[in-house]
Amino acid sequence: MITRLNEQKTTLKEHMRGGNKCVELRGLVNELPQNSRLFSRITLVPGASIGYHVHENETELFYFIEGSGLVNDDGNTFEVSAGDAMSTSSGHGHAVENNSDGDLVIVAVIIKDSAV
């Protein structure tokens with residue numbers, strides 16, 4: 001099933017997971033498989049962040065498609081830029097911060113563990 005750009009729903013989340021500013025999420029499909037919770041394009045404007053959080057019974061995948069920023073991956077800080085990817089599995093945590101002058105754009109997927 002194709003979801004056209006004009007059919008994709010955009011939501012704004014203030015202080016997402018305790019982060020700074022407003023984060024824009026655009027759902028990329030209208031129907032997710034049963035074992036998925038999220039498939040979105042996430043845009044962080046300069047200074048915006050998603051606060052540190054731990055995933056339980058799911059894995060989140062990020063693909064950075066535009067810009068640069070910082071990620072906290074289980075307490076370790078790394079610089080990221082377009083073309084980088086990361087995986088955060090169950091029991092592990094992460095945060096993302098846009099510390100640049102341009103937007104940081106990420107494609108994010110959350111897949112639920114099969115046992116849940």
Side-chain angles (χ1 to χ4, degrees):
M1 173 188 296
I2 295 173
T3 304
R4 304 287 180 193
L5 178 61
N6 65 345
E7 299 170 328
Q8 297 170 4
K9 296 178 179 123
T10 298
T11 58
L12 301 175
K13 295 208 175 189
E14 286 284 338
H15 308 289
M16 187 171 178
R17 302 279 190 168
N20 296 322
K21 295 192 175 183
C22 187
V23 175
E24 178 186 279
L25 290 92
R26 186 175 70 198
L28 297 175
V29 294
N30 291 328
E31 290 183 32
L32 291 170
Q34 186 176 2
N35 66 332
S36 299
R37 186 166 70 81
L38 178 84
F39 179 40
S40 292
R41 176 184 166 117
I42 301 175
T43 302
L44 287 82
V45 298
S49 64
I50 300 169
Y52 188 84
H53 59 284
V54 175
H55 286 271
E56 296 295 340
N57 303 312
E58 62 187 18
T59 296
E60 184 164 28
L61 306 170
F62 280 165
Y63 180 68
F64 299 90
I65 59 173
E66 181 182 322
S68 61
L70 298 173
V71 297
N72 176 334
D73 184 18
D74 272 338
N76 299 301
T77 302
F78 299 94
E79 293 182 0
V80 291
S81 59
D84 292 340
M86 73 179 291
S87 174
T88 305
S89 58
S90 182
H92 297 273
H94 64 170
V96 183
E97 175 188 355
N98 182 351
N99 65 340
S100 73
D101 294 332
D103 288 351
L104 176 59
V105 183
I106 307 163
V107 171
V109 177
I110 297 178
I111 303 163
K112 300 175 192 175
D113 291 350
S114 58
V116 175

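Nothing fancy with the numbering, it's 1 onward along the sequence.
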Fill in the blank from the handout: On a heavy-atom basis, the closest approach of Asn72 and Tyr52 is OD1-CE1, 3.5 Å
Fill in the blank from the handout: Output for pair (Glu58 CD, Ser114 OG), nearest 0.5 Å, gives 13.5 Å
Handout entry: side-chain contact (heavy atoms from CB on, under 4.5 Å) assessment of His94 paired with Glu60
Key = CA-CA 10 Å; His94 64 170; Glu60 184 164 28; 3.0 Å; yes
Problem - Heavy-atom closest pair, residues Gly47 and Asn20 - result: O-CB, 3.4 Å
Practice task
Kindly compute the distance separating CG (Leu70) from CG (Asn99), expressed to the nearest 0.5 Å.
Solution key: 4.0 Å
Handout entry: Asp103 CG to Glu24 CD distance, which is reported to the nearest 0.5 Å
Key = 8.5 Å
Practice task
Test side-chain contact (heavy atoms from CB on, under 4.5 Å) on Arg37 and Leu32 and set out the steps.
Solution key: CA-CA 7 Å; Arg37 186 166 70 81; Leu32 291 170; 5.6 Å; no
Handout entry: Minimal non-hydrogen separation, Ser100 against Asn98, with atom names
Key = OG-OD1, 2.7 Å
Exercise for the section: Find the distance between OG (Ser89) and CD1 (Ile111) and round it off to the nearest 0.5 Å. Expected result: 11.5 Å
Exercise for the section: Under the side-chain contact (heavy atoms from CB on, under 4.5 Å) rule, what do Val29 and Gln8 come out as? Steps first, then yes or no, please. Expected result: CA-CA 7 Å; Val29 294; Gln8 297 170 4; over 6 Å; no
Exercise for the section: With rounding to the nearest 0.5 Å, note down the distance linking CD in Glu31 to CZ in Phe39. Expected result: 14.0 Å
Practice task
Answer whether the closest heavy-atom distance between the side chains of Lys13 and Lys21 falls below 4.5 Å.
Solution key: no
Problem - Minimum heavy-atom distance between Glu7 and Asn30, given as atom pair plus value - result: O-OD1, 3.4 Å
Handout entry: For Val23, the rest of its hydrophobic cluster, which grows through side-chain links under 4.5 angstrom
Key = Met16, Leu25, Leu38, Ile42, Leu44, Ile50, Phe62, Phe64, Val71, Phe78, Val80, Met86, Val96, Leu104, Ile106, Ile110
Practice task
Flag the pair Val107 / Leu28 as yes when at least one side-chain heavy-atom distance between them is below 4.5 Å, and no otherwise.
Solution key: yes
Exercise for the section: Any chance you could lay out the side-chain contact (heavy atoms from CB on, under 4.5 Å) test for Arg41 and Ile65, step after step, and finish with the verdict? Expected result: CA-CA 9 Å; Arg41 176 184 166 117; Ile65 59 173; 3.7 Å; yes
Handout entry: Validation row, ring centre His92 to ring centre His55 under 6.0 Å
Key = no
Problem - Least distance between heavy atoms, Ser90 atom then Asp113 atom - result: CB-OD2, 3.7 Å
Problem - Considering all heavy atoms, the nearest Cys22-Leu12 contact - result: SG-CB, 3.5 Å
